[in-house]
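Below is one structure, written out as structure tokens; the observations come after it.
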Amino acid sequence: MRLLYLGDVVGRSGRDAVQEYVPKLRQDLKLDAVIVNGENAAHGFGLNVRITQDLLEAGVDVITLGNHAWDQREMLSYIDKQPRLVRPANYPQGTPGRGACIHTTGRGKKVLVVQVMGRLFMDPLDDPFAALQQEFARFRLGATVDAIVVDVHAEATSEKGALGHFCDGRASLVVGSHTHIPTADHAILPGGTAFQTDAGMCGDYDSVIGMKKDGAVSKLVRKIPGERLAPAEGPATVCGVFVETDDRSGLARRVEPLRLGGRLSQMVPEV
């Protein structure tokens, strides 16, 4: 199978770029599934119903969230109505929504998408390792599902790396989100799982992690409250990770970063 994961969508610029490029990428790369992190899509803070629908209509199959999952309060009631939205699986029991979903591709293949949130420098949620272990006990790669994609929404690169190795051999792709900067460490781990510490973001890189420069710099320099941060509005770069899996085992055969449009040098996998 051919899978594409796109990093955190930031603001209108990021949304517009995803809506523009996803249909083309689906066709050009012959993609079976597209997973996108959408937790910064609503003006940089959370996701709402309208944007969810726009992304799904553009060809996104599953949308993951993160620590901004509830910034737009309408999501508290909407998330249970939309099975293609995934929030971190290690939120406490009783939290609205789901930490994993199965997407069935046009060819009838099953892709399990799971998200966990890190605990280093983040909200102290439940154990992400235990949450993943529960999912691996329910679903087995190459047997009950054809591919497993794990979105690790975390601050610390060490924690993302540890979770990647924890999943090695049991997932098709483990990819980090949240820090908005694409890392240069894409690899297939010894057990056959593709990994990249952070996929980057879909947004304007002439910014501070997607937000307008002046406000972000002022807040850090002056250390006093100022105007609310707002997304940068220049041309967006779509950043993500492309993975091709083995049809029998579900493990990765190929992993490549993707960058398209905007200000960064373009990198697009060849078919």
[X] vs [Y] side-chain heavy atoms within contact, under 4.5 Å:
| X | Y | value |
| --- | --- | --- |
| Q133 | R170 | yes |
| R15 | P231 | no |
| T52 | M75 | yes |
| I63 | Q82 | no |
| W70 | R87 | yes |
| L163 | V150 | no |
| V111 | D146 | no |
| Y5 | V243 | no |

*Mind checking ring pair (Phe, Tyr, Trp, His ring centres under 6.0 Å) for H180 and listing every partner two or more places apart, or none if nothing turns up?*
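By the ring pair (Phe, Tyr, Trp, His ring centres under 6.0 Å) rule, H180 matches no residue at all.
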*Working for side chain to side chain contact (heavy atoms under 4.5 Å, CB included), residues C167 and F195*: CA-CA 10 Å; C167 297; F195 175 77; over 6 Å; no
More than 12 non-hydrogen atoms from neighbouring residues, nucleotides or ligands closer than 6.0 Å to [atom1] on [X], yes or no?
| X | atom1 | answer |
| --- | --- | --- |
| D127 | CG | yes |
| R263 | CZ | yes |
| R228 | CZ | no |
| R248 | CZ | no |

Quick one: [atom1] on [X] to [atom2] on [Y], what's the gap to the nearest 0.5 Å?
| X | Y | atom1 | atom2 | result |
| --- | --- | --- | --- | --- |
| N90 | Q134 | CG | CD | 10.0 Å |
| L3 | D61 | CG | CG | 9.5 Å |
| F121 | T179 | CZ | OG1 | 12.5 Å |
| E39 | Q115 | CD | CD | 7.5 Å |
| L47 | D71 | CG | CG | 10.5 Å |
| L29 | K24 | CG | NZ | 13.0 Å |

_Working for side chain to side chain contact (heavy atoms under 4.5 Å, CB included), residues F242 and L31_ = CA-CA 9 Å; F242 168 82; L31 297 173; 3.8 Å; yes
Do [X] and [Y] share a hydrophobic cluster, counting only Ile, Leu, Val, Met, Phe, Trp and Tyr and linking them when any side-chain heavy atoms are less than 4.5 Å apart?
| X | Y | value |
| --- | --- | --- |
| L6 | L55 | yes |
| L65 | V49 | yes |
| V145 | V174 | yes |
| M211 | L264 | yes |
| F139 | F129 | yes |

*Does the ring of Y205 carry R259 above it, NZ/CZ under 6.0 angstrom from centre and within 45° of its axis?*
no
*Can you tell me if E155 and H178 form a side-chain donor-acceptor pair at under 3.5 Å?*
yes
*S13 and D204: side-chain donor and acceptor closer than 3.5 Å?*
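No pair is found: no donor N or O on one side chain lies under 3.5 Å from an acceptor on the other.
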*Counting N and O atoms only, with roles assigned by atom type, does the side chain of R26 sit under 3.5 Å from a partner on the main chain of G59, one being a donor and the other an acceptor?*
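Checking the backbone N and O of G59 against the side chain of R26, a donor-acceptor pair under 3.5 Å is found.
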*Would D126 and Q93 satisfy side chain to side chain contact (heavy atoms under 4.5 Å, CB included), going step by step from the backbone distance to the final call?*
CA-CA 9 Å; D126 296 341; Q93 189 173 1; over 6 Å; no
*Pick one: which of L173, D151, T64 meets side chain to side chain contact (heavy atoms under 4.5 Å, CB included) with V113?*
T64
*Check the pair Y78, L85 against side chain to side chain contact (heavy atoms under 4.5 Å, CB included), reporting the backbone distance first and the verdict last.*
CA-CA 10 Å; Y78 177 67; L85 282 173; 3.8 Å; yes
